[in-house]
Amino acid sequence: MSDQISDRKNKLDKLRAQGVDPYGWRFTEVSSTADVRAAAETQNLPDGEIQPEGATTYRVAGRLILHRDIGSLIFMTLRDSSGDLQLGVSKKMIAGAVDAEGGAVGWKVAKLLDLGDVIGAEGRLGRTKTGELTLWLTDLRILSKCLRPPPEKFHGLTDVETRYRKRYVDLFANPESRDVFLARAKIVRHMRDVLHERGFIEVDTPVLQPIYGGAAARPFVTQHNTLDMQLYMRISPELYLKRCMVGGIERVYEFARCLRNEGISPRHNPEFTMLELYQSYGDYHDMMDITEELIGGAAEHVIGSTKIKFGEREIDYTRPWPRLKYADLFQQHVGFPMSDIAAAREKARSLGWEEAKWDDAVVVGALFEHHVEDKLVNPTFVCDYPAPLCPLTRRDPNDASIALRFELYVNGMEVGNAYTELNDPAVQRENLERSALRGEGDETMAVMDEDFIEALEYGMPPAGGLGIGIDRVVMLLTGSQSIRDVILFPLQRVINVQARDELGLTDDAKAGPE
RNA sequence: GAGGGCGUAGCUCAGUCGGUAGAAGAGCAGCGGCCUUUUAAGCCGUGGGUCCUGGGUUCGAGUCCCAGCGCCCUCACCA
C-alpha cells in the first residue's frame, strides 16, 4: 500500500482535515510568470534581499514542477503557460496567511504540496544570493491536487507513445512541446490577420457531405440515423467554398479539418488541417503572393527569423521565392523534356516501375516526384502542371496541355497547392466525367457533383484558389520531424483490444445486454 | 499491406555469453528523519517490479524461439 497515488490521497485527506479544500476556487487578478519577470526587469532588486512589507505584490497561478524543502524554508518552481518562476516560502513570512473564510492557509499547505499540484500564490519580489528572481510568498493555496506522480523532473516525458496518448502530461512536463502548440496558435493567428487585412471572410462548410470531392482520396464513411443516409467525412472543402464565391462572398477562406482514410506516416495524419482560400477576380499569381505572406510572414513574425533549422538543414524563407516551371524542373533534374514520352517510359522501366498501364501524365508525374521533389529544399513554387491530373484547374489559353496550377515545396514536401480556378461549367462537367470514367471503381477519383455544376451555371467569378497544409507548415516552422508532434491528440490504436477480446467484449457483445 | 527496431519500478534508464546463493539494479519521484538562500538542492534511513501478453526451448529465460498487442522508422498507399 505504498504506491504514490495513495500517498497523495493521504495528503488530500490531511488538507481536508485542516479545513483546506484541495480543489480550490476562483483565483483572479493573476499575473503570468512572464509578466512578473518583465516587471522585475524594471525594478532594483538586490541579490539576497526581499522587497519590504508594503512593496508591490504579485499573484501567480500554475503547476508545481520543482520542490526543494529546506526545513523552514521551501523553494519551489511554478510553471504556467508563459514559463517558470521560482517561489520562496519562508515559515516566518507566510505564517499569518488566512483565506477569505478565515481558514489558515500558507505554511501548512506548503508542507503538504506534491510535485504537479496546481497552486495559487501571492508575494513580494526578491532575488536570492545567486541572483535568481524569486517571489516570496505571503499567501499560498492549493487549487487542484495532483494525484498522480508527474514524469521525472530532469528528463521529462520522453516515451513517444505516452507523449501522444497522454498529451496533457507532455504539455506540462515538456516546455518544448507546449511551445510547439503555442507557436501553432500564433501561426494560425498570423494567417487570419493577413487574410482579414485583405478582406477575406472566414466561413465554415460541411464536414458531413453526401458527395465528397475537391481532392483524390478515400473518405471515411458514416451514417446518419434519422435521415437514414450514408455520408462522407470531407476530404476537402473546395466545392463548398466555390459555391460561396458564386453567392458573392468574393474572398473566402476556411481552416478546414479534412479527413482522409489513407495511410499514416510522419507527414500524413488521418485528420489534418488545411487552410483553403479563394479570391474572386484573381488567379494563381495572386495566390503565390499571398502564400509568401502567409508562410514567409509567419516565419518572420512568429518565429522571428527567415532562416529556420529543420533537422540537419537550414531552410531560408527570405522572400520572394523562386517561381519555376514544372517542365523546366523536369528537364533539369530528369534529363530530358517531359514531352518525350518514350524516354519517360523507358526511364520508368529502368527504375523497375510497371508503367505499361499508366497514363502518360502519371508516368511524368511519378518521375517528377522521384527526381525533383527532394531537390526543392528552400520554398519553391512549381508552376504549370500537366493538365490531365487537374480536373478543377483552368487550362493555359495558349497550351491546353498545361494547367494553371502551382504547388509549393519546402524541404521536398508538398505544403501548398493552388489553381487558377476553372469556372466554365461545361468544361468542368467534362473534366469530372472524364476523371470519373478513368477512375471507374477507384473511390479516390473525383465523382460528379451535379449541384456543384449547377452552382457554376449561375456563374462563378474567375478566381485564384489556394490550399495550405497547416500541420506541415507548423512542422517546418517549429522544426518538428513528425506531423504527430504538431497535432495535439494524434490518432492511436486503442489499447487493451486483446484484453477486451479475451473478455468477449467484441462489437457484437457490446451491442446490448443479453 | 511488407520489412526493420523497440517494450524492465510512477518517470528516465542499466542489465555482458542464458547462470554471480538468497530478494532484477541505479537516478529522480515516494515514505521516515535533519536543515532559513536552494537551483535536477544535500545528507541518513527505507518501501516499491505482470521484465508488454501468451506459449515454447532449457537443469536454468529479462536475455533464445514462436504467436499476439502497442509504438517508432523505411517502403507501399496518400494525384
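Residue numbers begin at 1 in each chain, while the letters A, B, ... track the order of the sequences.
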Rounded interatomic separation in angstrom, taking [atom1] from [X] and [atom2] from [N]:
{"X": "D7(A)", "N": "rG32(B)", "atom1": "CG", "atom2": "C1'", "result": "11 Å"}
{"X": "E161(A)", "N": "rC69(B)", "atom1": "CD", "atom2": "P", "result": "14 Å"}
{"X": "D69(A)", "N": "rC43(B)", "atom1": "CG", "atom2": "C1'", "result": "14 Å"}

Next item on the list: For rU74(B), give its Watson-Crick or G-U wobble partner with both distances under 3.5 Å, or none.
Entry: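 Because both required distances fall under 3.5 Å, rU74(B) counts as paired with rA2(B).
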Notebook entry, point to check: Applying a 3.5 Å limit to both distances, which nucleotide forms a Watson-Crick or G-U wobble pair with rU53(B)?
Noted result: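 rA67(B) is the nucleotide pairing with rU53(B).
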Taking OP1 and OP2 of [N], is either one under 4.0 Å from a side-chain nitrogen or oxygen of [X]?
{"X": "R484(A)", "N": "rC72(B)", "result": "yes"}
{"X": "S72(A)", "N": "rU36(B)", "result": "yes"}
{"X": "T158(A)", "N": "rU12(B)", "result": "yes"}
{"X": "R68(A)", "N": "rU39(B)", "result": "no"}
{"X": "K153(A)", "N": "rU12(B)", "result": "no"}
{"X": "Q86(A)", "N": "rA40(B)", "result": "no"}
{"X": "R8(A)", "N": "rG30(B)", "result": "no"}
{"X": "T162(A)", "N": "rG10(B)", "result": "no"}

What nucleic acid atoms does [X] come within less than 4.0 Å of, heavy atoms only: base, sugar-phosphate, or nothing?
{"X": "D159(A)", "answer": "sugar-phosphate"}
{"X": "G88(A)", "answer": "nothing"}
{"X": "W136(A)", "answer": "base"}
{"X": "P266(A)", "answer": "sugar-phosphate"}
{"X": "I74(A)", "answer": "nothing"}
{"X": "Y385(A)", "answer": "nothing"}
{"X": "I5(A)", "answer": "nothing"}
{"X": "R165(A)", "answer": "sugar-phosphate"}
{"X": "K11(A)", "answer": "sugar-phosphate"}
{"X": "Y419(A)", "answer": "base"}
{"X": "T130(A)", "answer": "base"}

Nearest to the side chain of [X], heavy atoms from C-beta on, is which of [options]?
{"X": "R267(A)", "options": "rC11(B), rC72(B), rU74(B)", "result": "rU74(B)"}
{"X": "L73(A)", "options": "rA79(B), rU36(B), rA41(B)", "result": "rU36(B)"}
{"X": "Y164(A)", "options": "rA29(B), rC72(B), rA79(B)", "result": "rC72(B)"}
{"X": "T128(A)", "options": "rA79(B), rU37(B), rA29(B)", "result": "rU37(B)"}

Is it the case that the base of [N] and the side chain of [X] share a donor-acceptor contact (distance under 3.5 Å, atom types as modelled)?
{"X": "E132(A)", "N": "rU37(B)", "value": "no"}
{"X": "Q4(A)", "N": "rA29(B)", "value": "yes"}
{"X": "S265(A)", "N": "rU74(B)", "value": "no"}

Item checked: I487(A) vs R184(A) side-chain heavy atoms within contact, under 4.5 Å ->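 In contact.
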Notebook entry, point to check: Does the side chain of K14(A) reach to within under 4.5 Å of the side chain of K108(A), using non-hydrogen atoms?
Noted result: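 Of all side-chain heavy-atom pairs linking K108(A) with K14(A), none is under 4.5 Å.
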Margin query: Would you measure the distance from the P atom in rA23(B) across to the matching atom in rU12(B) and give it in whole Å?
Written below: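 So the two P atoms sit 29 Å from each other.
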Next item on the list: Tell me whether the guanidinium CZ or amine NZ of R405(A) lies under 6.0 angstrom from the six-membered ring centre of Y385(A) and within 45° of its axis.
Entry: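 Yes, cation above the ring, under 6.0 Å and within 45°.
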Notebook entry, point to check: Given that H155(A) and H67(A) both sit by RNA chain B, which one's nearest nucleotide is further toward the 5' end?
Noted result: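 Final value for this comparison: H155(A).
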Note to self: Can you work out whether G48(A) or E407(A) has the more 5'-proximal nearest nucleotide on RNA chain B?
What the structure shows: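 That would be G48(A).
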Checklist line | Salt bridge present between E41(A) and R37(A) (N-O < 4.0 angstrom) | finding: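 Answer for the salt bridge query: no.
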Next item on the list: Determine, for D47(A) against K129(A), whether the closest basic-nitrogen to carboxylate-oxygen distance falls under 4.0 angstrom.
Entry: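 Result for this pair is no, no salt bridge flagged.
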Next item on the list: Verify whether one side chain among D485(A) and Y164(A) offers a donor that lies under 3.5 Å from an acceptor in the other.
Entry: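 D485(A) vs Y164(A): donor-acceptor pair found between side chains.
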Checklist line | Distance-minimising heavy-atom pair for R68(A) and T77(A) | finding: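 Answer, listing the atom of R68(A) first, then T77(A): NH2-OG1, 4.0 Å.
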